[in-house]
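Step one of this worksheet: look at the structure below.
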Protein chains: 2
Amino acid sequence: METITSARLGEALEVDPSQVRKDFAAIGLMGMSRIGYDACEVCSTIRRVVGFDLSYPAALVGAGMLGSAILGYTEFERYGFRVVAAFDRDPFKVGRRIGGRTIMPSTELGGFVEKHHIPLAILTTPAEAAQELTDTLVAAGVAAIWNFTSVRLTVPPGVLVRNERFTAGLAEIAYHLSRPELSEAAHAPTSRMT
Amino acid sequence: METITSARLGEALEVDPSQVRKDFAAIGLMGMSRIGYDACEVCSTIRRVVGFDLSYPAALVGAGMLGSAILGYTEFERYGFRVVAAFDRDPFKVGRRIGGRTIMPSTELGGFVEKHHIPLAILTTPAEAAQELTDTLVAAGVAAIWNFTSVRLTVPPGVLVRNERFTAGLAEIAYHLSRPELSEAAHAPTSRMT
DNA sequence: TAGATTGTTAATCGATTAACAATC
DNA sequence: TAGATTGTTAATCGATTAACAATC
């Protein structure tokens with residue numbers, strides 16, 4: 001049996017070993033004195049607690065470049081979801097196939113979500129369409145929206161919006177770059193001696 | 001002059017008004033008694049502190065679907081960056097133009113980054129190429145890597161890696177969906193009464 | 001003036017870390 | 001056994017919140 005200690009996990013995750021042991025205890029993971037934890041059990045328990053061993057159907061809304069990239073991603077199954085349908089308002093895109101799925105017209109979005117009990121919508125539309133489509137999705141009963149647009153969506157309580165904003169990442173990077181003392185031996189913001 | 005109070009900001013951001021005032025004081029933003037803060041000053045100061053009013057050149061590495069989507073994104077300028085070049089190892093992609101930029105061969109990546117003092121690389125390659133290209137980028141002197149691959153990159157201290165992993169978002173959503181008590185009136189995980 | 005809001009200090013709260021008996 | 005590691009409690013640390021004098 002492959003085992004792993006809280007010390008090794010803490011080192012890899014850059015957290016205190018006590019933290020690992022406490023969190024593991026909280027989700028029902030028990031270790032063995034002098035041995036550590038069963039690696040397989042750690043994996044499967046975390047996957048179960050997080051919800052990755054389920055499979056929810058999801059609808060992709062907005063089949064632009066980003067939407068197409070997501071449709072081409074094949075690993076969703078490992079993380080609890082499967083994209084079962086894709087929608088776009090552009091008549092020229094409707095009917096085309098991307099990543100094995102045929103694009104359906106946005107007018108059918110609400111009906112589809114309601115009929116198939118889709119709990120998650122992946123929103124990759126232009127900003128101006130985001131709120132209106134969100135309203136449609138909420139009315140049709142989605143429980144969560146994975147929002148890739150730059151719009152701050154308004155939803156009723158109980159509906160989860162997870163924002164995937166690029167700006168947070170850019171802020172961290174820009175902040176880091178504007179403080180040269182943080183990065184040694186790398187390209188300075190403005191100029192550099194070679 | 002347009003003004004805003006810490007109370008209003010706190011409400012919008014869902015944080016305590018004291019928190020807003022403390023953070024503002026920390027970055028040198030001073031408010032006015034009975035009035036609040038100058039909205040323009042708030043904006044510009046935050047942008048300056050975060051680093052969004054600078055403009056760093058960035059190189060995109062991996063012109064697949066996600067890379068193409070990023071090349072098509074025109075708002076980077078507002079967040080401190082401009083994508084000045086794109087690279088791919090596929091000879092069929094090299095020479096093509098995406099979002100106004102001509103794809104260059106990956107073999108020229110290191111030389112380009114070094115010559116133009118590029119501080120940031122946006123990594124959107126397949127997993128198997130990620131670490132090798134990272135090594136090239138680090139050797140060429142990048143200060144930060146915006147990592148869209150699923151690989152945990154190894155870099156020397158001083159180089160910032162910002163991971164943009166989908167899995168974190170999926171984990172939050174899957175966790176939320178697997179706890180029906182959190183979402184009222186929405187589609188239950190498995191079945192639903194209509 | 002009276003009242004609203006800031007800037008800042010003090011109090012609270014929670015999260016992280018340290019310590020250590022129990023275990024194998 | 002001796003030694004390594006857990007599970008858990010206690011101590012520390014930091015972050016959040018409350019309070020309030022100062023201000024206009």
Side-chain angles (χ1 to χ4, degrees), chain A residues 1-51 152 157 160-163 165 167-169 171-176 179 181-182, chain B residues 1-51 152 157 160-163 165 167-169 171-176 179 181-182:
Chain A
M1 184 181 68
E2 210 161 340
T3 60
I4 186 152
T5 64
S6 61
R8 283 222 299 143
L9 277 166
E11 193 183 359
L13 299 168
E14 291 177 26
V15 300
D16 196 273
S18 297
Q19 188 77 75
V20 174
R21 296 202 293 276
K22 205 154 72 89
D23 288 353
F24 278 11
I27 59 174
L29 269 170
M30 290 286 142
M32 295 158 282
S33 289
R34 234 166 53 89
I35 308 284
Y37 296 84
D38 176 347
C40 287
E41 198 187 339
V42 168
C43 272
S44 63
T45 301
I46 290 176
R47 286 185 57 83
R48 182 166 39 75
V49 169
V50 169
R152 237 174 230 275
L160 174 74
V161 174
R162 162 80 194 198
N163 294 306
R165 292 235 186 80
T167 53
E172 184 185 342
I173 295 164
Y175 184 87
H176 177 86
R179 272 150 196 79
E181 68 276 12
L182 298 178
Chain B
M1 184 182 67
E2 209 160 341
T3 60
I4 186 150
T5 64
S6 60
R8 283 222 299 144
L9 278 167
E11 194 183 0
L13 299 169
E14 293 179 23
V15 300
D16 196 275
S18 297
Q19 187 76 74
V20 174
R21 297 201 293 277
K22 204 153 74 88
D23 289 352
F24 279 11
I27 60 174
L29 270 169
M30 290 285 141
M32 295 157 280
S33 289
R34 235 167 53 88
I35 307 285
Y37 296 84
D38 177 346
C40 288
E41 200 188 338
V42 168
C43 272
S44 63
T45 301
I46 290 176
R47 286 185 58 83
R48 181 165 40 72
V49 169
V50 169
R152 236 175 231 275
L160 175 74
V161 173
R162 163 79 193 197
N163 294 305
R165 292 235 187 79
T167 53
E172 183 185 342
I173 295 165
Y175 184 86
H176 177 87
R179 272 150 197 76
E181 67 277 11
L182 299 177

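First the proteins, then the strands, lettered A, B, ... as listed; each starts at 1.
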Heavy-atom side-chain proximity of B/R48 to B/I27 below 4.5 angstrom: no
Could you give the [atom1]-to-[atom2] distance, from [X] to [N], as a whole number of Å?
X: A/Y37; N: D/dA4; atom1: OH; atom2: P; answer: 18 Å
X: A/R8; N: D/dT5; atom1: CZ; atom2: C1'; answer: 14 Å
X: B/M32; N: D/dC24; atom1: CE; atom2: P; answer: 11 Å
X: B/D38; N: C/dT6; atom1: CG; atom2: C1'; answer: 15 Å
X: B/I4; N: C/dT5; atom1: CD1; atom2: C1'; answer: 14 Å
X: B/L29; N: C/dT5; atom1: CG; atom2: P; answer: 18 Å

Requiring both pairing distances under 3.5 angstrom, list the stems that contain DNA chain D and are made of three or more consecutive Watson-Crick or G-U pairs. C:3-24 with D:3-24
So CD1 of A/I173 and CZ of B/R162: to nearest 0.5 Å the spacing works out to 7.0 Å
From CD (A/E41) to CE (A/M32), nearest 0.5 Å: 7.5 Å
How close do A/V42 and A/Y37 get, counting heavy atoms only, and between which atoms? CG2-CB, 3.7 Å
OP1 or OP2 of D/dT6 under 4.0 Å from side-chain N/O of A/S6: yes
Does the base of C/dT6 carry an N or O that pairs as donor and acceptor with the side chain of B/S33 under 3.5 Å? no
Test your reading of the model: is there a side-chain donor-acceptor pair from B/D16 to the backbone of B/S18, 3.5 Å cut-off? yes
Under 4.0 Å, heavy atom to any atom of DNA chain D: which of residues 15-27 of chain B qualify? B/D16, B/S18, B/Q19, B/R21, B/K22
State which of D/dG7, C/dT23, D/dA22 makes the closest approach to the side chain of A/M30. D/dG7
